[in-house]
Amino acid sequence: MRMSGLLLRTLRDDPADADTDSQRLLLRAGYIRRAAAGIYSWLPLGHRVLRRVEQIVREEMDRAGAQEILLPILQPLELWQRSGRDVAYGPLMFRLLDRKETGFCLSPTAEELMATLVASELSSYRDLPVNLYQIQWKFRDELRPRFGLLRAREFLMKDAYSFDADLDGLRASYQRMYNAYCSIFDRCGLTFRAVEAQSGEMGGDVNHEFMAVAAVGEDDFVWCKACDYAANVEAARRDHSWHHTEVPAAAATVDAPPMEEVHTPGLPGIQGVADFLGVEPSTLLKCIVFDADGELGLALVPGDREVNEFALARAVAPRKVRLYTDEDFAAHPELPKGYIGPHYPGAALVVADVSLDAPRAWVTGANRVDHHARNVVLGRDFAVDVWAGLVTIVTGDACPNCGEPLSVDRGIEVGHVFQLGTKFSKVFGANYVDEHGDEHPIVMGCYGVGISRVVAAIVEEHHDDNGIAWPAALAPYDVHLLALPGRGDAAQAVVAAAERCYEELLAGGFQVLYDDRDASPGVKFADADLLGMPVQLVIGAKGLARGVVERKVRATGDRSELPITEVLAGMLAGAAT
RNA sequence: CGGGGAGUGGCGCAGUGGUAGCGCACCAGCUUUGGGAGCUGGCGGUCGGGGGUUCAAAUCCCCCCUCCCCGACCA
């Protein structure tokens, strides 16, 4: 493509209302334009990127045995009323009436229509399994669209739906989609992890979120850079064996002096007590009071850690847990809030983080206002009813898989796979007849990739101060060819060489963006870096005099020279490495 | 929905009662040509919309709309 004819205007200034790198750069580089809050137009370069992501998704879905179809965006509201999601989605759904006052919505997703379709098209176990997908625009009237393409009201999504005879079939379909998603995000050049989402009450459905690591992500999650461990913060674990190898469980081996009380007036907080006594907060034992089905419980963690409420709930299930609030303490004035220790006589249940199972003496509350206790020893001075991983994971904790340090980062949810079960099949009568003639609801799974969101996630990961640096698999063009003819005697020769080079690369199968504009070198360089094609080829009078073309790799800045006669060969060789 | 901020040319901004300006971009000419060139001359805005106050409103008042940020909410 010749840039002289390309619909492209790059902006020198950052758009005032861009709040993330991806939005800022995609706007500046002329890939997208905002049409309304959370609604964007895709210009030629942006559209090419979108299509390339789409194509990767399509290839991987096809490879996984899914079949592409296309469902309408405009869907009868009646379907959504039947599933109950009319109410569940509420104002998140764009709604409209046709001229006969019949309700419609702009599809925010497509389980209803898919289940309806399958109900009428499939009827026998011989038809199963089936996996159908579409790549279609979705609409959600977000309370607050933001971050450009990351939380848009109109976005391109690949949504797939698997239909199996039973749960085993679903699990196999799910695994195929899971694997396909890993391939998709690998090919897109994203650093990502599949996070098992916190299942709802009583187990719930199995589902994984695919999180692309990015500072602008809207969700915290825990992941290991050394292996594929990942979890959301509520479900994350750490491996204590890496901290406490070879430690006998019997803390009674501690040779500590007897427990003694210390007067710590007006110091209910961990940091205050640690400073007052001249010890590290980690040597304090933090006692968090909770209610477990009406009984008083204590959750014990080291003083420098926080209690993960979800972990606590899992530890004492099926009892229902509620951490004490100020109101609770107000209702129980006998509790010495801020000075409670693990040996509190009224505690019916003591739950401790497993890291406390170590031979050491603690500083903790003395169960008496303005007093703390020193030399408090497990087994001698207090007992634990339940051991569990109770602490909220922080960066640096050991990975439960491999022991390397974990990271707590933010992530962009670029994909989500979900074992749905029979909820929609039952509502829409998507049943099949088994080999014995018995009818069963089809077991469904659903699988989404936010294609337009992936584009933004890629820019978040692949950019620098000068602009975007597309991974080769997604760049709108493979090569950015810059002609710098200048006004000297060599100008015509430079243009001629660039033209030859352009034709040669095209003939060689490369997608080439050719800067043939009558612009200064500075403008061309700046635009090339901003637009972000993976390789830049510069043909100027200087190089031409020596018979060479300069080659710059956008992502690394590495420069090399190719003989003008071997540009295509050089590019082919470069592509191979 | 609560709190805060903002709407002035394609983009970024200035302009607190006197009839709209700067930088970038765009067009023309001349000069310049290896990291967003210079000079000259141009094009382009009913100042978000409506109403009001005033001799006079981008500016003051009222209503509405839109956008942004924080929160709440949430695929």
Side-chain angles (χ1 to χ4, degrees), chain A residues 7-20 23-24 27-30 33-39 41 43 85 88-94 107-111 138-159 197 207 209-211 216-219 411-418 446-453 465-467 482-491 494-495 498 515 517-531 536-546 548-550 552 554 557 559 561:
Chain A
L7 176 69
L8 173 71
R9 170 170 283 177
T10 57
L11 305 177
R12 190 175 297 211
D13 297 313
D14 286 332
D17 52 6
D19 44 13
T20 58
Q23 187 186 19
R24 179 175 63 80
L27 284 167
R28 259 194 71 197
R33 290 289 181 250
R34 200 182 65 85
I39 302 176
S41 303
L43 276 47
R85 293 211 295 180
Y89 270 110
L92 195 62
M93 264 202 316
F94 280 102
S107 168
T109 173
E111 283 81 2
K138 301 295 188 301
F139 298 81
R140 294 181 193 177
D141 194 3
E142 296 284 349
L143 271 176
R144 185 140 89 90
R146 61 180 138 179
F147 303 147
L149 301 177
L150 289 174
R151 182 165 292 276
R153 295 197 291 174
E154 172 176 332
F155 56 98
L156 190 60
M157 176 170 152
K158 186 285 299 176
D159 45 322
N207 68 107
E209 297 173 332
F210 285 79
M211 309 295 291
V216 298
E218 297 187 78
D219 308 287
I412 298 167
E413 186 187 341
V414 288
H416 200 160
V417 292
F418 211 99
C446 66
Y447 317 91
V449 173
I451 294 191
S452 48
R453 180 180 276 183
D465 291 345
N466 295 324
L482 286 72
L484 305 181
R487 289 289 162 87
D489 299 336
V494 170
V495 170
D515 195 343
R517 297 175 300 175
D518 179 22
S520 72
V523 169
K524 293 188 177 186
F525 285 129
D527 275 347
D529 285 348
L530 178 61
L531 294 175
Q536 298 169 14
L537 290 177
V538 182
I539 301 184
K542 287 181 179 175
L544 192 59
R546 292 166 35 238
V548 299
V549 171
E550 271 173 56
K552 173 178 154 183
R554 174 64 183 89
R559 293 166 194 272
E561 292 182 342

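Atom set for the values below is all heavy atoms of this structure, side chains included, hydrogens, waters and symmetry mates excluded. Treat the numbers as computed from the prediction; the structure is a model and nothing was measured. The chains referred to below are lettered A, B, ... by the order of the sequence lines, with proteins before strands, and numbering in each begins at 1.
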Please measure how far the C1' atom in rG10(B) lies from the corresponding atom in rC43(B), and state the result in whole Å.
13 Å
Choosing from rG35(B), rA25(B), rG36(B), which nucleotide comes nearest the side chain of Thr10(A)?
rG36(B)
Would you please confirm or rule out a distance under 4.0 Å between OP1 or OP2 of rA25(B) and any side-chain N or O of Arg12(A)?
yes
Of the listed nucleotides (rC67(B), rG12(B), rG34(B)), which one gets closest to any side-chain atom of Ala37(A)?
rC67(B)
Looking at every strand, decide which applies to Arg34(A) at a 4.0 Å heavy-atom threshold: base, sugar-phosphate, or nothing.
sugar-phosphate
Looking at Val216(A) and Ile412(A), what are the two nearest heavy atoms and their distance?
CG2-CD1, 4.2 Å
Please report the distance separating the P of rG18(B) from the corresponding atom of rC61(B), rounded so that it comes out in whole Å.
15 Å
For rG36(B), does OP1 or OP2 lie under 4.0 Å from any side-chain N or O of Ser520(A)?
no
Nucleotide nearest Arg153(A) when distance is taken to its side chain, options rC11(B), rC67(B), rC13(B)
rC67(B)
Using the side-chain heavy atoms of Pro521(A), tell me which of these nucleotides is nearest: rG36(B), rC67(B), rG34(B).
rG34(B)
The answer to which of Lys552(A) and Glu142(A) contacts RNA chain B further toward the 5' end, by nearest nucleotide, is Lys552(A)
Closest to the side chain of Leu11(A), out of rC26(B), rC11(B), rC68(B), is rC11(B)
Going by side-chain contact (heavy atoms from CB on, under 4.5 Å), name the residues that satisfy it together with Asp141(A), two or more places apart in sequence or in a different chain.
Phe94(A), Arg153(A)
Is any side-chain heavy atom of Ile39(A) closer than 4.5 Å to a side-chain heavy atom of Arg34(A)?
no
For a quick check, tell me whether the side chain of Arg144(A) and the base of rG3(B) share a donor-acceptor pair closer than 3.5 Å.
no
Atom pair distance, as rounded to whole Å: CZ in Phe147(A) and C1' in rC70(B):
11 Å
Answer with yes or no whether the side chains of Gln536(A) and Asp529(A) bring together a donor and an acceptor at under 3.5 Å.
yes
Rounding to the closest angstrom, what is the interatomic distance between rG3(B) and rA57(B) at atom C1'?
30 Å
Can you find a pair of side-chain heavy atoms, one from Arg146(A) and one from Glu218(A), that are under 4.5 Å apart?
yes
Would you tell me if any nitrogen or oxygen in the side chain of Arg146(A) comes within less than 4.0 Å of OP1 or OP2 on rC67(B)?
no
Rounded to whole Å, please give me the gap between CG in Leu530(A) and P in rC11(B).
17 Å
Side-chain donor/acceptor of Asp14(A) to base of rG12(B), under 3.5 Å
no
Any strand: nucleotide that pairs with rC55(B) via Watson-Crick or wobble, under 3.5 Å:
rG18(B)
Categorize Gly450(A) for me: base, sugar-phosphate, or nothing, with a 4.0 angstrom heavy-atom threshold over every strand shown.
nothing
Can you tell me which nucleotide in rG34(B), rC67(B), rC74(B) comes closest to the side chain of Lys542(A)?
rG34(B)
CA sep, side-chain torsions, deciding dist, call: Glu142(A), Leu92(A), side-chain contact (heavy atoms from CB on, under 4.5 Å):
CA-CA 6 Å; Glu142(A) 296 284 349; Leu92(A) 195 62; 4.1 Å; yes
If you assign each of Val523(A) and Phe155(A) to its closest nucleotide in RNA chain B, which residue comes earlier from the 5' end?
Val523(A)
Which residue, Lys524(A), Glu550(A), Lys542(A), forms the side chain to side chain contact (heavy atoms under 4.5 Å, CB included) with Leu484(A)?
Lys524(A)
When you get a sec, tell me which of rA37(B), rG34(B), rC11(B) is the closest nucleotide to the side chain of Leu484(A)?
rG34(B)
Considering only atom P, compute the distance from rG34(B) to rC70(B) and round it to an integer number of Å.
44 Å
Residue Asp17(A), side-chain heavy atoms: nucleotide from rG34(B), rC73(B), rC67(B) that is nearest:
rC67(B)
Whole-angstrom distance between rU59(B) and rG49(B), as gauged at atom P
10 Å
Nearest-angstrom distance, P atom, rG44(B) to rC27(B)
15 Å
Given rA25(B), rG34(B), rC74(B), the nucleotide with the shortest approach to the side chain of Arg9(A)
rA25(B)
Between rC11(B) and rC26(B), how far apart are the two P atoms, rounded to whole Å?
15 Å
If you measure from the P atom in rA25(B) to the same atom in rA20(B), how many Å do you get, rounded?
26 Å
Separation of rA28(B) atom P from Asp518(A) atom CG, nearest Å, is 10 Å
